[in-house]
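All values below come from the heavy atoms of this structure, side chains included, with hydrogens, waters and symmetry mates left out. By convention in this document, chain letters (A, B, ...) are assigned in the order of the sequence lines, proteins followed by strands, and residues within each chain are numbered from 1.
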There are 4 protein chains.
Amino acid sequence: MTRTPFVYELIVRLHDADAAGVIFYGHLFRHFHDAYESFMDSIGFPLHRAIRPQEPSDALCLPIMQANAELALPLRHGMRVRVLLEVEEVRERSFAIVYRVVDSAGQVYARGRTLHVLTEPGSGRRPRLPEGLRQALGSRNRARPSTD
Amino acid sequence: MTRTPFVYELIVRLHDADAAGVIFYGHLFRHFHDAYESFMDSIGFPLHRAIRPQEPSDALCLPIMQANAELALPLRHGMRVRVLLEVEEVRERSFAIVYRVVDSAGQVYARGRTLHVLTEPGSGRRPRLPEGLRQALGSRNRARPSTD
Amino acid sequence: MTRTPFVYELIVRLHDADAAGVIFYGHLFRHFHDAYESFMDSIGFPLHRAIRPQEPSDALCLPIMQANAELALPLRHGMRVRVLLEVEEVRERSFAIVYRVVDSAGQVYARGRTLHVLTEPGSGRRPRLPEGLRQALGSRNRARPSTD
Amino acid sequence: MTRTPFVYELIVRLHDADAAGVIFYGHLFRHFHDAYESFMDSIGFPLHRAIRPQEPSDALCLPIMQANAELALPLRHGMRVRVLLEVEEVRERSFAIVYRVVDSAGQVYARGRTLHVLTEPGSGRRPRLPEGLRQALGSRNRARPSTD
């Protein structure tokens, strides 16, 4: 079974590129996060409501505890690319998102991965992901075995 | 009577400059704010304690409601400059900070100004500045009449 | 005669808001610039081609030499707003862009203005705007007298 | 033999923290890069001169092709920490830098690693690192075997 990745459109803007003319690697992570927020909106878990819900006790804090990226080819000012996002894995207390930055010809410019761990802000304890979130993430789970 | 401006050292870093090779104007405002935070630390009103004090009722929110900048000369990657910060004015419910970015020869590259207004987060009401903050700011007030 | 402003859609993302929960003023300028780049794309003068054209002698550098903003109401994480962009003025060697950030009800959250001055990178000389750019900008010029 | 890491002082500023109150992970990479630029200054290879040398043919482009971070504990607005930087490895065409963010008690908040690959901007070819750069980096190489 194959699922379609979530697509986030991206144009590399003036401030994304640095003095060397290509995207600054820290800004690539910002774009990954914008793709992730759009994705979370799309599955009914917008981050702003997770962080500041009507009932403070309902707050879901999902800090990124691991992040990595490979920058294979230079992303230059003005390029129009897409971030393809997939849920790589949903665990009991965490989930991982993977990203590929591709152009219209399918050429891969960059890849990334973020690990999100449910954490109680005060105590630092790590409760289980709510079932609703697990299911929403699972519905977009990456097909296995993956051929990526 | 003349007072010395607060000095904040700044090196223009790779990500500060954009694809055109000079500082991105939005990042200049980030540096103004770093200078402002350092200044507030120096007068005993660190922003993180103002925003999240031990007693929530003591919170002081001072959002910037006006900001402007003139970028006279290009600030390039690698330049070592200083942000000279002065309290331009302290009013009943607000204060204004002015910034000059200068090199070691005194050449001015940029100027800026931010207006900070005490605001109650929930209601949007604008109370008076606490006397302690007024005095701390006033002690660094810009000399008048200014010849700047 | 009235012209319609150029519209840029914006969602306030996690990293736009700072520790005080509202948009960091420097990031507002980043969004102004993204709106401006989209606008320049739309009138046939994409910035990446202006900065790095096929013929280096055709380069058009249009640094922002003045910028200002008023932040009337807090822009919070998750808000969906629009940046309405208008060409305020086209002069011989420069032009000014104005921005309004509004929600779907027309409530204004912020305003801004940027002044762009054609500048030769090496010499700092300020040539006249090419006629094609003047006309493209003029076609989106703000109606006068403005009732804004 | 043990070498001392390069130390970069860091205060978590208002705009570093996001709407959830802790440092935005993309900004952590910006700070890693500031530490890296300071380090490169300290060993006599400032990036701005590497990217735009007097002789364009002397340009050294060292794009980051891999980056990763672990964010173990929340870095909050106002925290004063240090980025400890070490050269992990110097290869023929690349080198790796590792980072630890620690407080004054030695508590580790975050770790990171960046891989820098010498690349010719036009062709994408990957020449050997100049001997001077190899030696400068090697002089700060992490002791082996590492007990970290």
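- Take D:Y109 and apply the ring-ring contact (aromatic ring centres under 6.0 Å, His included) test, not counting sequence neighbours, and it matches no residue.
- Looking only at side-chain heavy atoms (C-beta outward), B:M40 and D:L14 stay at 4.5 Å or farther from each other.
- A salt bridge between D:D16 and B:R30 is absent, with no side-chain N of the basic residue lying under 4.0 Å from a carboxylate O of the acidic one.
- Atom CZ of D:R82 has 12 or fewer heavy atoms from other residues, nucleotides or ligands within 6.0 Å.
- No more than 12 heavy atoms of other residues, nucleotides or ligands shown are found within 6.0 angstrom of CZ on D:R49.
- A distance of 7.5 Å separates NE2 in D:H15 from NE2 in B:H33, rounded to the nearest 0.5 Å.
- Counting non-hydrogen atoms of neighbouring residues, nucleotides and ligands closer than 6.0 angstrom, the CZ atom of B:R113 exceeds 12 such neighbours.
- Residue-environment remark: CZ (B:R93) exceeds the threshold of 12 foreign heavy atoms within 6.0 Å.
- Note on D:S38, D:A17, D:P46: by heavy-atom pairs under 4.5 Å with chain B, the leading option is D:S38.
- In this structure, a donor-acceptor pair under 3.5 Å is present between the side chains of B:H77 and D:E37.
- D:R52 touches chain B through its side chain: at least one heavy atom from C-beta onward sits under 4.5 Å away, while N, CA, C and O do not.
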